[in-house]
Amino acid sequence: MKWFLLAFPLLLASCANQLQKTGSVDQSDRSITVPPGSAMAPLKSALLREGWTVKVKNVTNYNAGAAYGTRYAMEASVEFYDYLFPSLRPVYHYDISLQDTKTNEEIMTMGGSGTSEHITESLIKALK
């Protein structure tokens with residue numbers, strides 16, 4: 001029992017995020033440019049399931065959202081951190097920024113640490 005009481009705060013901290021919304025998503029124009037890479041695969045799949053048009057950023061093109069004709073552009077940093085006990089699922093540190101390419105404003109930032117499922121669920125919820 002003592003072990004659980006000591007480990008419980010660590011389990012909670014391993015799936016924490018901070019969300020700041022400074023704008024809202026136009027639900028009638030759900031198109032987004034996302035960074036390339038396998039770390040983004042769960043996010044890309046979830047966006048497609050939710051009905052988003054998803055384009056992958058060309059790393060040589062700085063203004064990817066406007067270049068691909070998408071309303072939103074995502075920048076993300078995702079790094080492996082540790083494994084979640086007892087499931088041993090990987091935990092990542094992440095920092096996500098969402099920009100509106102029509103207004104050139106950052107409308108959302110989200111960062112913290114969590115499993116890919118946690119990050120994906122948090123992002124989809126924030127986009128609604």
Side-chain angles (χ1 to χ4, degrees):
M1 183 65 169
K2 285 182 185 181
W3 176 86
F4 179 76
L5 293 175
L6 293 173
F8 188 68
L10 294 174
L11 294 174
L12 291 178
S14 67
C15 289
N17 69 7
Q18 296 178 343
L19 172 67
Q20 180 180 19
K21 292 177 87 172
T22 56
S24 59
V25 172
D26 179 355
Q27 296 297 322
S28 67
D29 191 358
R30 294 172 15 131
S31 58
I32 190 167
T33 301
V34 298
S38 61
M40 299 303 296
L43 290 175
K44 293 178 217 175
S45 296
L47 288 166
L48 289 168
R49 275 194 309 274
E50 292 290 320
W52 283 77
T53 300
V54 177
K55 304 285 183 175
V56 177
K57 177 181 175 183
N58 179 342
V59 294
T60 60
N61 187 347
Y62 180 74
N63 193 2
Y68 289 107
T70 60
R71 174 68 186 267
Y72 301 98
M74 179 188 299
E75 294 292 330
S77 169
V78 180
E79 296 178 6
F80 172 78
Y81 171 63
D82 204 350
Y83 290 99
L84 183 64
F85 183 79
S87 67
L88 298 181
R89 290 183 302 175
V91 174
Y92 302 94
H93 284 311
Y94 64 95
D95 185 22
I96 297 172
S97 170
L98 187 68
Q99 301 93 30
D100 185 330
T101 62
K102 188 174 179 180
T103 64
N104 289 324
E105 294 179 3
E106 182 178 63
I107 61 167
M108 184 184 79
T109 60
M110 189 173 91
S113 60
T115 63
S116 61
E117 295 86 0
H118 170 78
I119 298 167
T120 301
E121 290 170 10
S122 298
L123 178 67
I124 295 300
K125 183 178 176 183
L127 290 174
K128 291 184 177 182

Exercise. May I ask you to decide if the ring planes of Tyr92 and Phe80 are parallel, tilted or perpendicular, using 30° and 60° as cut-offs?
Key: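 Perpendicular.
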Quiz item: Within a reach of under 6.0 Å around CD of Glu79, are more than 12 heavy atoms found that belong to other residues, nucleotides or ligands?
Solution: no
Exercise. Answer yes or no: are there more than 12 heavy-atom neighbours, outside Lys102 itself, under 6.0 Å from its atom NZ?
Key: no
Practice problem: Report the residues that fulfil side-chain contact (heavy atoms from CB on, under 4.5 Å) with Lys128, sequence neighbours left out, ordered by chain and then residue number. | Solution: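 Lys128: side-chain contact (heavy atoms from CB on, under 4.5 Å) contacts with Glu50, Ile124.
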Practice problem: Report the residues that fulfil side-chain contact (heavy atoms from CB on, under 4.5 Å) with Leu48, sequence neighbours left out, ordered by chain and then residue number. | Solution: Val54
Could you state the interatomic distance from [atom1] ([X]) to [atom2] ([Y]), rounded to the nearest 0.5 Å?
| X | Y | atom1 | atom2 | value |
| --- | --- | --- | --- | --- |
| Leu127 | Ser24 | CG | OG | 11.0 Å |
| Tyr72 | Asp26 | OH | CG | 5.0 Å |
| Met108 | Thr22 | CE | OG1 | 9.5 Å |
| Ser122 | Glu117 | OG | CD | 11.0 Å |
| Lys57 | Thr33 | NZ | OG1 | 9.5 Å |
| Arg71 | Asp100 | CZ | CG | 4.0 Å |

Quiz item: Between Ile119 and Gly114, which heavy-atom pair has the shortest distance, and what is it?
Solution: CD1-O, 3.6 Å
Quiz prompt | Validation row: Tyr94, Leu123 side chains within 4.5 angstrom (heavy atoms) | solution = no
Quiz item: Are side-chain heavy atoms of Thr53 and Thr70 found at a separation under 4.5 Å?
Solution: no
Donor-acceptor pairs are to be reported for all side-chain atoms of residues 37-47 against protein atoms at under 3.5 Å, with residues two or more places apart or in another chain.
unit_1, atom_1, unit_2, atom_2, d
Lys44, NZ, Gly37, O, 3.3
Ser45, OG, Ala41, O, 3.1

Quiz item: For residues Ser97 and Glu75, is any side-chain donor paired with an opposing acceptor at under 3.5 Å?
Solution: no
